[in-house]
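Note: hydrogens, waters and symmetry copies are ignored here, and every other heavy atom, side chains too, is used.
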Amino acid sequence: MKKLFALILALSLLFLTACNTKPSVDGSTGSKKPNVTEDVSDWKESLRDQIITKQYDIFDLSSRIVFQIGSDSTYYYSKADGKAYIYCYDPICDHTDYTCLANPGHFTEGFGFTNTAFINDRFWCVTLYGKIYSFSFDGSDKKLEYDAGYGESMLTGGKSRWGAMISYGPYIYIRSKAEETPHTLRFNVETKEMQELTEKTGNYVHPLFFYDGMIYGQGDNTVNVDAFYKADLELETVEEIDDIPFGAHAGSILVGNVTKERESIEESPEKIGISFYDMKTGEQRIVTKEELGLDYYPTFIAATDEYFYFYKFELINLGTVIINHGGKDKEVKVQKMNDGKLYRMNKDGTNIVCVYNNPDYELNRNVAIYDDKIVMQGQYVAIENGEKKVWGGPIQVATINSDGTIGEFVEVEILQ
């Protein structure tokens, strides 16, 4: 009966999605935009004045939020009922047969949600071994859309040929490592055409974000360390420009930490300021952490049209516990990645306020904000009675109050 209820509930959610009249949402950006059409001018116009970046391990869609946690666990949070579900619609699946979407780390060709885009109401997955799959939201109708023919996989000990991807309109841009030097590939999800842009133009750019039909990204950093480029979508025209740091974007503003120019890729980046860059005007303002009234450089984790959200990345020592390892007692340090304080600032860096503070909570960069809710892949960590205690995972939700403060994060029940 439980399995039958889960099936009925899953089908009802799919029905709600089919009836949803909101614009489609591209999971690589978290920005709402209409479905891509065959008229190129239409989709370009629909993306005008939008900064398109990539989100990792999380897709903020119109009716739900998909989380990939680690390499082998996927859940989704329903905005309709405020509950979470294992990302599998098969009522008799045990999520261990290497084909279950709830267990993507077991896909033998490196198949998962980390290298995936959501375009035209379908997921498009780029594997590390030269293949592109698409499938419906519920995991059905899985199709092999492109095969580079390397004939390798994770099981055969194959070499990783492709790297990071990012989508823009109907295009998926892929960093190829199949050659001695990196190449930029572009796949059109509508025509199913793959283009080798580097081979065609002699240029290479790894896109980091898009704005008004232009690529902004990095080149081959083994040749020109930290160089930043602007290019058209075909890579026919490429120009080196000043670096535009970004960690998040709100409206037309990109914010990110500025680093000192390096002489070699082996040199660790040294942060020297915080950049507020307006893509509409081209104006950039660089301020120091002291000018912001901070004693650290922010780790930006989320944004709305009005605000940037950030925390202080800092290992917090909670103490030590004794564990038995190999028959011997061993003292182990217990740490958190931050102090549990979440801050908010205006788009220009003013009015910094602490909106959440819980020393037991460990904030995470996988976060989505919609309406008056904030959904977080965080956890509570503490030492109790000499033992490490972790609770509240893997997904929590909190309410954003009318004054901007955030209530307590509460664990979301995960249904089968």
Quick one: does D141's side chain have a donor or acceptor within less than 3.5 Å of a partner on S136's backbone?
no

List the residues meeting side chain to side chain donor-acceptor pair (under 3.5 Å) with T201, not counting sequence neighbours, and say none if there are none.
none

I'd like to know whether the aromatic ring centres of W391 and Y361 sit less than 6.0 Å apart in this structure.
no

Does S275 form a side chain to side chain donor-acceptor pair (under 3.5 Å) with Q284? I'd like the steps, not just the answer.
CA-CA 7 Å; S275 166; Q284 183 178 34; 2.8 Å; yes

Checking K142 against S134: is there a side-chain donor and acceptor pair closer than 3.5 Å?
no

Quick check against the 3.5 Å criterion: does N364 have a side-chain atom that pairs as donor or acceptor with the backbone of Q377?
yes

How far apart are the closest heavy atoms of A248 and F300, and which atoms are they?
CB-CB, 4.0 Å

Trace of the salt bridge (Lys or Arg N to Asp or Glu O under 4.0 Å) decision for R285 with D278:
CA-CA 9 Å; R285 186 168 63 93; D278 192 331; over 6 Å; no

Answer yes or no: is there a side-chain heavy-atom contact under 4.5 Å between T127 and I132?
no

Pairwise distance CG(N366) to CE(M376) - rounded to 0.5 angstrom
9.5 Å

Quick check with a 6.0 Å cut-off and a 45 degree axis cone: is K289 positioned over the face of Y296's six-membered ring?
no

Could you tell me whether the side chain of I274 reaches within less than 4.5 Å of the side chain of F276, counting heavy atoms only?
yes

If you take all heavy atoms of I174 and M194, which pair is closest and at what distance?
CD1-CE, 4.1 Å

Modelled atom types, side-chain donor and acceptor of Y85 and R64, under 3.5 Å
no

I'd like to know if the side chain of E234 and the backbone of L197 have a donor-acceptor N/O pair within less than 3.5 Å.
no

Using a 3.5 Å distance criterion without hydrogens, assess whether the side chain of S167 forms a donor-acceptor pair with backbone atoms of Y171.
no

Decide whether N188 and E193 meet the rule of one side-chain donor and one side-chain acceptor closer than 3.5 Å.
no

Quick check: do L208 and F246 have side-chain heavy atoms less than 4.5 Å from each other?
yes

If every non-hydrogen atom of M214 is compared with every non-hydrogen atom of D232, which pair is closest and at what distance?
CE-N, 3.7 Å

Validation row: N346, I352 side chains within 4.5 angstrom (heavy atoms):
no

Please tell me if the side chains of P298 and N257 come closer than 4.5 Å, counting only heavy atoms from C-beta onward.
yes

Aromatic contact, F137 with Y76 (centres under 6.0 Å):
yes

To the nearest 0.5 angstrom, please state how far the CG atom of N358 sits from the CD1 atom of I406.
12.0 Å

With the side chain counted from C-beta on, respond yes when R186 and L233 share a heavy-atom pair under 4.5 Å apart, and no when they do not.
yes

ring-ring contact (aromatic ring centres under 6.0 Å, His included) partner of Y343, chosen from Y356, F308, Y311, F310:
F310

So for atom CG, which belongs to N351, do other residues, nucleotides or ligands contribute more than 12 heavy atoms lying within a distance under 6.0 Å?
yes

Spell out, as yes or no, whether a donor-acceptor pair under 3.5 Å connects the side chain of E45 to the backbone of D42.
no

Keeping N401 on the side-chain end and G404 on the backbone end, is there a donor-acceptor pair under 3.5 Å?
no

Of all heavy-atom pairs linking L144 and K131, the shortest is CD1-CB, 4.0 Å

Over all heavy atoms of both residues, which pair between T198 and N203 is shortest? Give the atoms and the distance, please.
OG1-O, 2.8 Å

Spacing of OH belonging to Y277 relative to CD1 belonging to I253, to within rounding of 0.5 Å:
10.5 Å

W124 CH2 to F187 CZ distance, which is reported to the nearest 0.5 Å:
5.5 Å

Check step by step if ring-ring contact (aromatic ring centres under 6.0 Å, His included) holds for F210 and Y173.
CA-CA 11 Å; F210 299 85; Y173 287 80; 5.4 Å; yes

Short side-chain to backbone donor-acceptor contact, T184 and V205, under 3.5 Å:
yes

Would the distance check show the side chain of D348 and the main-chain N or O of T350 forming a donor-acceptor pair, the cut-off being under 3.5 Å?
yes

Can you find a heavy atom in the side chain of K280 that is under 4.5 Å from one in the side chain of Y211?
yes

Could you check whether E413 pairs with K83 (Lys NZ or Arg NE/NH1/NH2 to Asp/Glu carboxylate O, under 4.0 Å)?
no

Take E145 and K192 through the salt bridge (Lys or Arg N to Asp or Glu O under 4.0 Å) test and state the conclusion after the steps.
CA-CA 7 Å; E145 303 284 5; K192 312 300 172 63; 3.0 Å; yes

Return the CG to CG distance between D360 and D339, rounded to the nearest 0.5 Å.
12.0 Å

Is there a donor in the side chain of Q379 and an acceptor in the side chain of E362, or the other way round, less than 3.5 Å apart?
yes

Would one find more than 12 heavy atoms of other residues, nucleotides or ligands at under 6.0 Å from atom CG of D242?
no

Would Y75 and Y87 count as a ring-ring contact (aromatic ring centres under 6.0 Å, His included) here? Give the steps.
CA-CA 5 Å; Y75 309 91; Y87 195 50; 9.8 Å; no

Within a strict 4.5 Å, meaning less than it, do heavy atoms of the K230 and I215 side chains meet?
no

Any sub-3.5 Å donor-acceptor pair from R262's side-chain atoms to E267's backbone N or O?
yes

Quick test of your reading: applying salt bridge (charged side-chain N to carboxylate O under 4.0 Å, His left out), list the pairs with at least one residue in residues 314-323, sequence neighbours left out, ordered by first then second residue.
K312-E314

Are F59 and F118 close enough that their ring centers fall under 6.0 Å?
no

Keeping the roles fixed (side chain from Q50, backbone from S46), state whether a donor-acceptor pair exists under 3.5 Å.
yes

Do Y370 and Y77 meet the criterion of a side-chain donor-acceptor pair at a distance under 3.5 Å?
yes

Is it the case that atom CD in E239 sees more than 12 heavy atoms from other parts of the structure closer than 6.0 Å?
yes

Taking every non-hydrogen atom, the tightest pair across S160 and K177:
OG-NZ, 3.5 Å

Kindly determine whether D60 and K79 satisfy salt bridge (Lys or Arg N to Asp or Glu O under 4.0 Å), including the steps that lead there.
CA-CA 10 Å; D60 186 2; K79 296 178 181 179; 2.8 Å; yes

Say you draw a straight line from CZ of F209 to OG1 of T53; how long is it, rounded to the nearest 0.5 Å?
9.0 Å

